[in-house]
Amino acid sequence: MKILVASHTYIVDLNCEKLRALAKLEPGIEVTVVVPKKWQPGGVQNKIIETEYRDEGNFKIVPISNFSQNHQGLLTFGADLIGLLNKFLPDILHVEQGSRGLAYTQMILLNQLLGLKAKNVFFTWWNLPYELKLPVALLEKYNLNHSHGIISGNQDGADILRQRGYTGKIKVLPQLGVDETLFTPQPQPELAAKFGIQENEFVVGFVGRFVPEKGLLTLLKALVNIKDKPWKLLLLGRGDLKAELIKIATENNITEKVIFVESVPHDEVANYINLMNTLVLPSETTYKFKTLTAVGWKEQFGHVLIEAMACKVPVIGSDSGEIPYVIGDAGLIFPEGDDQALASCLLQLMENPDLAKNLGEKGYEKAMLKYTNKAVAKQQYEFYQELM
């Protein structure tokens with residue numbers, strides 16, 4: 001099977017591990033990844049990434065000239081894409097730019113014009129209801145009508161696509177898996193000593209952006225409710241909310257219990273997760289549906305959950321978005337924004353080590369079965385086979 005995947009996501013080599021695993025699943029699988037030649041991540045001024053060609057046998061990364069360097073919906077490719085398609089002759093055309101992506105429309109049209117007879121697939125994270133004006137509504141309708149299959153990163157996204165009128169095959173699957181060779185159980189006594197963490201202290205951890213929608217204020221309030229217990233809060237990340245978190249900690253005389261760590265390289269995150277007795281993702285939905293669109297945010301997946309699960313760290317999550325589906329019975333779920341319920345979850349793990357160990361084992365088993373790069377690649381390949 002020849003699979004062509006197009007997305008700016010794979011400019012970052014670390015993100016390519018799932019597709020490398022896909023290329024190794026069976027003899028005869030070839031994966032070619034189309035990426036923009038130039039990309040401006042996050043619209044950061046004066047920061048342009050120039051991509052390079054890579055040939056790893058059955059796995060190749062091919063930079064193609066592109067229009068729009070910082071807007072994934074407007075991204076389209078130059079004429080050199082035609083030569084690549086004619087040479088590679090893919091069976092699957094998979095574009096990871098959403099239902100309204102111009103790059104996906106371009107691939108559909110080239111598939112028809114070049115007579116490739118490939119199956120059209122797109123990936124989306126979008127999980128909020130919306131309405132569209134012309135001509136964007138027609139663009140999405142065209143894309144949906146010509147899709148042989150869709151991969152949605154979450155169940156809410158799949159449900160919305162059904163509401164949009166799509167009746168074809170949908171697979172719910174994250175865009176990226178977890179590297180189980182990096183995220184693996186590994187004691188961190190030296191790191192614990194560095195932060196003054198005592199053996200009897202229960203480490204509650206969070207990894208992500210310090211912004212209101214990530215629920216950090218609810219997490220801190222929950223811990224204030226049980227501040228007499230021997231715990232430490234390890235916050236790994238950065239964001240505008242840090243000052244308010246420090247203020248609340250100071251007002252409640254728990255500053256010595258809270259540890260802030262600025263964002264660290266991805267290959268070091270596992271060390272900090274392995275310091276934790278539990279990882280909490282207390283995300284809070286903020287969107288409001290307006291006339292033509294949904295404004296705000298809802299948790300799309302929560303990749304840090306599967307990283308913690310791969311480290312056998314028990315997880316606690318709110319019921320925002322995809323979190324309950326990711327955790328299932330391999331962790332604890334609480335109603336988003338409910339600090340009393342979160343405090344109860346934390347106490348359960350603090351006071352019942354057997355429960356914590358059991359949930360850690362369950363999470364590990366689920367991560368190995370469903371969420372490693374190889375496991376995600378296998379599910380994606382099975383979906384392609386179904387479409388063929």
Side-chain angles (χ1 to χ4, degrees), residues 9 14-15 18 123-128 151-160 172-180 182-183 204-219 222 233-239 241 263 266 269-270 272-274 276-287 296-338 341-342 345-346 349 359-360 362-373 375-376 379:
T9 298
L14 182 68
N15 293 342
K18 174 198 69 176
F123 173 88
T124 181
W125 278 119
W126 192 260
N127 63 344
L128 301 178
I151 298 178
S152 173
N154 46 64
Q155 186 58 52
D156 286 336
D159 293 341
I160 287 168
V172 177
L173 195 65
Q175 186 178 28
L176 307 174
V178 63
D179 183 349
E180 76 277 17
L182 185 61
F183 290 88
V204 179
F206 169 87
V207 179
R209 297 173 294 128
F210 297 171
V211 291
E213 61 264 30
K214 283 295 182 177
L216 283 170
L217 297 179
T218 298
L219 174 57
L233 174 61
L234 176 59
L235 298 172
L236 181 60
R238 64 178 69 181
L241 203 62
S263 300
H266 188 261
V269 171
Y272 292 86
I273 289 177
N274 274 303
M276 302 171 187
N277 295 106
T278 184
L279 179 135
V280 183
L281 187 59
S283 304
E284 296 176 10
T285 303
T286 64
Y287 83 87
W297 177 87
K298 179 165 61 171
E299 187 64 65
Q300 294 178 327
F301 185 78
H303 200 269
V304 69
L305 290 170
I306 61 176
E307 292 175 340
M309 290 157 72
C311 294
K312 291 191 179 180
V313 173
V315 293
I316 299 173
S318 73
D319 58 359
S320 175
E322 190 69 3
I323 292 174
Y325 297 99
V326 176
I327 294 178
D329 64 353
L332 301 178
I333 308 292
F334 70 96
E336 58 178 274
D338 189 336
L342 176 51
C345 290
L346 290 166
L349 297 185
L359 291 177
K362 277 189 173 183
Y364 179 79
E365 291 171 8
K366 186 172 185 179
M368 294 304 104
L369 180 66
K370 291 188 63 176
Y371 293 128
T372 66
N373 283 311
V376 173
Q379 294 169 77

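Computed from a predicted structure; not experimentally measured.
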On a heavy-atom basis, the closest approach of Pro324 and Gly321 is CD-O, 3.3 Å
State which residues pass side-chain hydrogen bond (donor to acceptor under 3.5 Å, both in side chains) with Asn277; sequence neighbours excluded, sorted by chain then number.
none
Quick one: CE on Met368 to NZ on Lys312, what's the gap to the nearest 0.5 Å?
9.5 Å
List the residues meeting side chain to side chain contact (heavy atoms under 4.5 Å, CB included) with Glu322, not counting sequence neighbours, and say none if there are none.
Asn154, Gln155, Val172, Phe301, Tyr325, Val326
How about Val211 and Leu241: do any of their side-chain heavy atoms sit closer than 4.5 Å?
no
Residues which pass side-chain hydrogen bond (donor to acceptor under 3.5 Å, both in side chains) with Ser320, listed by chain and number, not counting sequence neighbours
Thr285
Please identify each residue that fulfils side-chain hydrogen bond (donor to acceptor under 3.5 Å, both in side chains) with Thr218, with sequence neighbours left out.
Glu284
What's the shortest heavy-atom distance between Phe334 and Cys345, and which atoms?
CB-SG, 4.1 Å
Quick one: list whatever passes side-chain hydrogen bond (donor to acceptor under 3.5 Å, both in side chains) with Glu307, sequence neighbours left out.
His266, His303
Once salt bridge (Lys or Arg N to Asp or Glu O under 4.0 Å) is applied, do any residues pair with Glu180, and if so which ones, sequence neighbours excluded?
none
Can you list the steps and then say if Leu173 with Val376 is a side-chain contact (heavy atoms from CB on, under 4.5 Å)?
CA-CA 7 Å; Leu173 195 65; Val376 173; 3.9 Å; yes
Kindly give the heavy-atom pair with the smallest separation between Ser152 and Ala158, and that separation in Å.
OG-N, 3.2 Å
Who pairs with Pro335 by side chain to side chain contact (heavy atoms under 4.5 Å, CB included), at least two apart in sequence or on another chain?
Asp319, Asp338, Ala341
Dump the intermediate steps for side-chain contact (heavy atoms from CB on, under 4.5 Å) on Leu359 and Leu349, then the final yes or no.
CA-CA 9 Å; Leu359 291 177; Leu349 297 185; 3.9 Å; yes
Thr286 (side chain) donor-acceptor with Trp297 (main chain) under 3.5 angstrom
yes
Please check this pair: side chain of Gln300 against backbone of Gly153, looking for a donor-acceptor N/O pair closer than 3.5 Å.
no
Do Pro174 and Trp125 touch side chain to side chain, with heavy atoms closer than 4.5 Å?
yes
Please name all residues satisfying side chain to side chain contact (heavy atoms under 4.5 Å, CB included) with Ala367, sequence neighbours left out, ordered by chain then number.
Met309, Ala310
The salt bridge (Lys or Arg N to Asp or Glu O under 4.0 Å) partners of Lys298 (sequence neighbours excluded) come to Asp156
If you measure from OG on Ser318 to CD on Glu299, what distance do you get to the nearest 0.5 Å?
7.5 Å
For the CD1 atom of Ile151 and the OG1 atom of Thr124, what is their distance to the nearest 0.5 Å?
11.5 Å
Minimum-distance pair of heavy atoms, taken over all atoms of Ala270 and Leu182:
CB-O, 3.4 Å
Report the residues that fulfil salt bridge (Lys or Arg N to Asp or Glu O under 4.0 Å) with Lys362, sequence neighbours left out, ordered by chain and then residue number.
Asp329
The reported gap from CG in Asn15 to OG1 in Thr9 (rounded to nearest 0.5 angstrom) is 6.5 Å
Please report the interatomic distance CG(Leu236) to CD1(Ile273), rounded to the nearest 0.5 Å.
8.0 Å
Closest non-hydrogen atom pair, Ile323 against Gly317
CG2-CA, 3.7 Å
Taking side chain to side chain contact (heavy atoms under 4.5 Å, CB included) as the test, write out the residues that go with Phe206, two or more places apart.
Phe210, Lys214, Leu216, Leu219, Leu235, Leu281, Pro282
